[in-house]
Number of protein chains: 2
Amino acid sequence: MASIHDVAQAAGVSISTVSYALSGKRPVAEATRSRIAAIADELGYQPNAGARMLAGRRTQLLALTAPLHAETSTPAHMAFVLAVVTAARRYDYDVVLLTEEEATGGLRRVTSTKLVDGIIVLDVAVDDRRVGLVRDLSIPAVLVGVPGDTDGLVCVDLDFEAAARLAVDSLADEGHTSIALIGDPHGIYERGSNFPRRFRDAFAARAAERGITSTFAESSRNLVELRAVVDAALAAVPRPTGLVMQCAETIQLAVMEHLAGTGLSIPADLSVISAASTFDTSKFSPPLDVIPLVPAESCDRAVDLMMRALDHPLDPAVELLEPAYHSHGSVGRPQIAAAPAAP
Amino acid sequence: MASIHDVAQAAGVSISTVSYALSGKRPVAEATRSRIAAIADELGYQPNAGARMLAGRRTQLLALTAPLHAETSTPAHMAFVLAVVTAARRYDYDVVLLTEEEATGGLRRVTSTKLVDGIIVLDVAVDDRRVGLVRDLSIPAVLVGVPGDTDGLVCVDLDFEAAARLAVDSLADEGHTSIALIGDPHGIYERGSNFPRRFRDAFAARAAERGITSTFAESSRNLVELRAVVDAALAAVPRPTGLVMQCAETIQLAVMEHLAGTGLSIPADLSVISAASTFDTSKFSPPLDVIPLVPAESCDRAVDLMMRALDHPLDPAVELLEPAYHSHGSVGRPQIAAAPAAP
DNA sequence: CGCCATGATCGAAACGCTTCGACGTACCTC
DNA sequence: GAGGTACGTCGAAGCGTTTCGATCATGGCG
């Protein structure tokens with residue numbers, strides 16, 4: 001309700017002095033500054049957002065284009081959205097949410113109306129129609145995820161290749177010589193983000209490097225199919241003693257459920273690692289070793305980069321975040337009996 | 001890039017004529033109007049958002065305060081957020097997302113800076129700190145969900161009491177005389193939204209009205225506990241032949257999984273209804289009858305009310321949406337043998 | 001003692017739009 | 001033919017900031 005004019009009047013100074021006192025962009029006598037601050041506070045003065053956008057060079061608004069569409073939306077998506085908003089607030093930025101449906105139209109609109117200062121793109125797919133657009137949009141953009149063609153873009157993501165290697169190495173170092181990967185359901189590898197693919201390929205490559213056998217299986221949202229998939233993966237020859245899951249929480253839960261049913265004990269009979277998980281695997285039974293995908297990490301970094309980009313254009317770059325390994329006791333040495341027992 | 005000034009110049013008319021031609025707020029000669037429209041289009045003119053906010057009486061921005069916090073976030077939350085954004089876009093409104101963490105501070109900020117025209121409050125809890133705030137905020141607000149004290153508020157929600165009655169009646173009408181309800185996990189009934197409570201209580205009340213036996217059980221996120229809960233509920237006396245689930249998708253899936261394991265056939269041995277579900281129960285095996293909670297319905301209505309509120313203050317009111325019943329074959333007549341078989 | 005930075009403050013010009021009042025002009029109506 | 005009513009258009013006044021000179025003391029320096 002109170003405008004800068006009211007504050008100036010009450011403080012007996014000019015409007016510009018109030019502006020400078022509050023923004024600190026020019027020196028103001030300490031006595032004046034504190035008096036203005038006190039009055040502004042007392043009057044509950046808050047600068048009008050519209051006026052600020054119009055006069056200033058910043059709107060203090062970021063667009064967030066997220067994979068929000070009716071069919072799929074997982075808790076993981078939500079975690080990323082939350083992380084972006086939280087990170088943005090640390091820089092006094094608010095976030096305007098754009099849906100999948102309106103992805104390109106929305107981006108165009110918020111850009112051409114100068115509503116936002118920059119764009120954060122979440123959950124980038126290999127071939128994402130938003131990517132070509134942000135490249136041309138002449139407004140800073142940071143992608144969380146890595147599209148097929150990263151030319152001219154600023155991207156942040158977990159280093160899924162390194163995560164896959166870390167998973168393989170953790171098992172190989174313990175002496176496992178045959179390991180399996182349960183990945184995402186089928187469709188994901190065709191149309192979705194490209195990190196499942198990156199993970200899968202790096203997993204196989206690392207296993208080969210380490211001279212151990214690896215098996216890959218796509219999971220399924222159908223429980224019956226899923227059980228069959230798991231059974232088949234664990235029946236590979238030589239029999240896998242290590243299992244890595246890189247898929248949705250619900251699927252991992254179902255796999256664990258199924259494993260419990262088969263009487264396999266973890267880690268005695270089978271070592272298990274949950275990879276690139278945004279959820280808490282320490283609450284699983286048994287708790288699972290995990291290489292987490294932390295939304296806050298990628299998003300904090302993305303917003304940091306965005307803030308830097310607002311000052312001066314950023315050099316395009318793909319920044320991959322180092323994966324970490326958290327042990328919860330679900331990995332151990334393979335039972336030596338297992339290998340010779342299957343001739 | 002192009003401003004209204006550019007358009008006016010190119011069309012050889014004044015700025016105000018352009019404004020009126022494009023907004024239609026005053027009559028403009030058709031020839032002039034179409035020429036201006038063509039030029040605006042050609043120049044790619046888009047009104048500057050900041051200038052519009054400052055000069056106009058609308059910011060074309062809505063705040064959405066959602067239960068976004070690190071611990072819990074379900075696909076259902078996401079569906080509601082999506083639905084609000086989609087509905088808002090139909091009125092040329094964008095949505096600024098506020099997190100749980102910054103709930104009250106954020107609301108205050110977007111209000112006092114006049115960044116938004118109104119506030120949509122999602123997933124209202126019984127005793128929600130946001131509720132008292134929006135009541136005082138002197139800016140239109142619409143709640144999706146019903147708080148404990150609805151005084152002076154505009155609320156929209158599914159009629160959960162009616163949904164519970166519908167569930168009970170559907171089973172009672174088929175001849176079931178003992179039915180069970182698996183609700184949300186324990187904590188929800190203390191702190192969460194109040195619809196689980198409303199559903200639970202109406203369920204019991206309606207069963208009593210119909211003269212049939214009802215059992216209620218809180219579910220659990222722990223699978224072992226969950227199985228015990230389900231077993232106990234189905235072991236009630238007289239043995240329930242109908243089961244209603246009003247809980248999260250993952251839990252319903254787990255229950256179905258467990259039921260499949262026990263060899264109970266649906267609906268021959270047990271009739272099952274999924275209630276207030278935001279997900280697709282027709283893909284369950286077997287597909288489940290459902291009384292859906294459709295995010296788009298509540299949110300469309302909430303945004304409609306908001307748009308009306310922007311024109312002239314709305315009378316406070318709680319608007320409850322009629323529940324619907326979708327049959328997928330999971331409900332049938334109870335086996336007559338069952339009742340006499342347990343003397 | 002005069003000159004010039006330096007600090008503190010102010011006035012005014014944007015920023016791009018909406019909207020109000022006013023001014024013609026043309027057309028009716030009596 | 002005078003008066004009235006639309007309609008179509010324009011100029012200008014905001015809206016509330018930010019920011020760029022300009023102004024006026026003050027104090028250090030040669």
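Reminder, nothing fancy here: chain letters follow the sequence lines and each chain counts from 1. These numbers come from a predicted model, not from an experiment.
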The helix from C/dC1-D/dG30 to C/dC30-D/dG1: angle between end helix axes, five pairs per end, rounded to 10 degrees: 50°
Pairs touching residues 44-66 of chain A that satisfy salt bridge (charged side-chain N to carboxylate O under 4.0 Å, His left out), sequence neighbours left out: A/Arg58-A/Asp311
Pairs where residues 22-32 of chain A contributes a residue and the test salt bridge (charged side-chain N to carboxylate O under 4.0 Å, His left out) is met, not counting sequence neighbours: A/Glu30-A/Arg33
A/Asp151 with A/Arg135: basic N within carboxylate O range, under 4.0 Å: no
Interface with DNA chain C, restricted to residues 89-96 of chain A and to heavy atoms under 4.0 Å: none
Upstream residue (5' side of DNA chain D) when B/Gly12 and B/Ala55 are each assigned their closest nucleotide: B/Gly12
Ionic contact status for B/Glu101 with A/Arg89, cut-off 4.0 Å: no
Touch class at under 4.0 angstrom, heavy-atom based, for B/Pro27 against every strand present: base
Distance in Å, B/Gln9 CD paired with B/Ser14 OG, rounded so as to fall on 0.5 Å steps: 12.5 Å
Partners passing side chain to side chain donor-acceptor pair (under 3.5 Å) against A/Glu42 (at least two apart in sequence or in another chain): none
Backbone N/O of B/Val303 and side chain of B/Arg90: donor-acceptor pair under 3.5 Å: no
Within residues 14-26 of chain A, residues whose heavy atoms come under 4.0 Å of DNA chain C: A/Ser14, A/Ser16, A/Thr17, A/Tyr20, A/Arg26
Touch class at under 4.0 angstrom, heavy-atom based, for A/Gln46 against every strand present: sugar-phosphate
Reported OH-to-CG distance for the pair B/Tyr45 and B/Leu22, which is rounded to 0.5 angstrom: 6.5 Å
Atom pair CG (B/Leu61) and CG (A/Leu115), whose distance is rounded to the nearest 0.5 Å: 6.0 Å
Where at least one partner belongs to residues 9-20 of chain A, residue pairs that pass salt bridge (charged side-chain N to carboxylate O under 4.0 Å, His left out), sequence neighbours excluded: none
DNA chain C: 5'-most and 3'-most nucleotides touching chain A, 4.0 angstrom heavy-atom criterion: C/dA8 to C/dG16
Sequence-distant partners of A/Gln60, side chain to side chain donor-acceptor pair (under 3.5 Å), two or more places apart: none
Pairwise 5' ranking along DNA chain D for A/Pro47 and B/Val28, keeping only the more 5' one: B/Val28
Residues that A/Asp149 engages under side chain to side chain donor-acceptor pair (under 3.5 Å), provided they are two or more places apart: none
Test item: B/Arg301 side-chain N/O and B/Asp157 main-chain N/O as donor-acceptor pair under 3.5 Å: no
Under the ring pair (Phe, Tyr, Trp, His ring centres under 6.0 Å) test, residues paired with B/Phe80 that sit two or more places apart: none
First and last nucleotide of DNA chain D, 5' to 3', lying under 4.0 Å from heavy atoms of chain A: D/dG16 to D/dA22
A/Val96: which of B/Val96, B/Leu97, B/Val95 passes side-chain contact (heavy atoms from CB on, under 4.5 Å): B/Val96
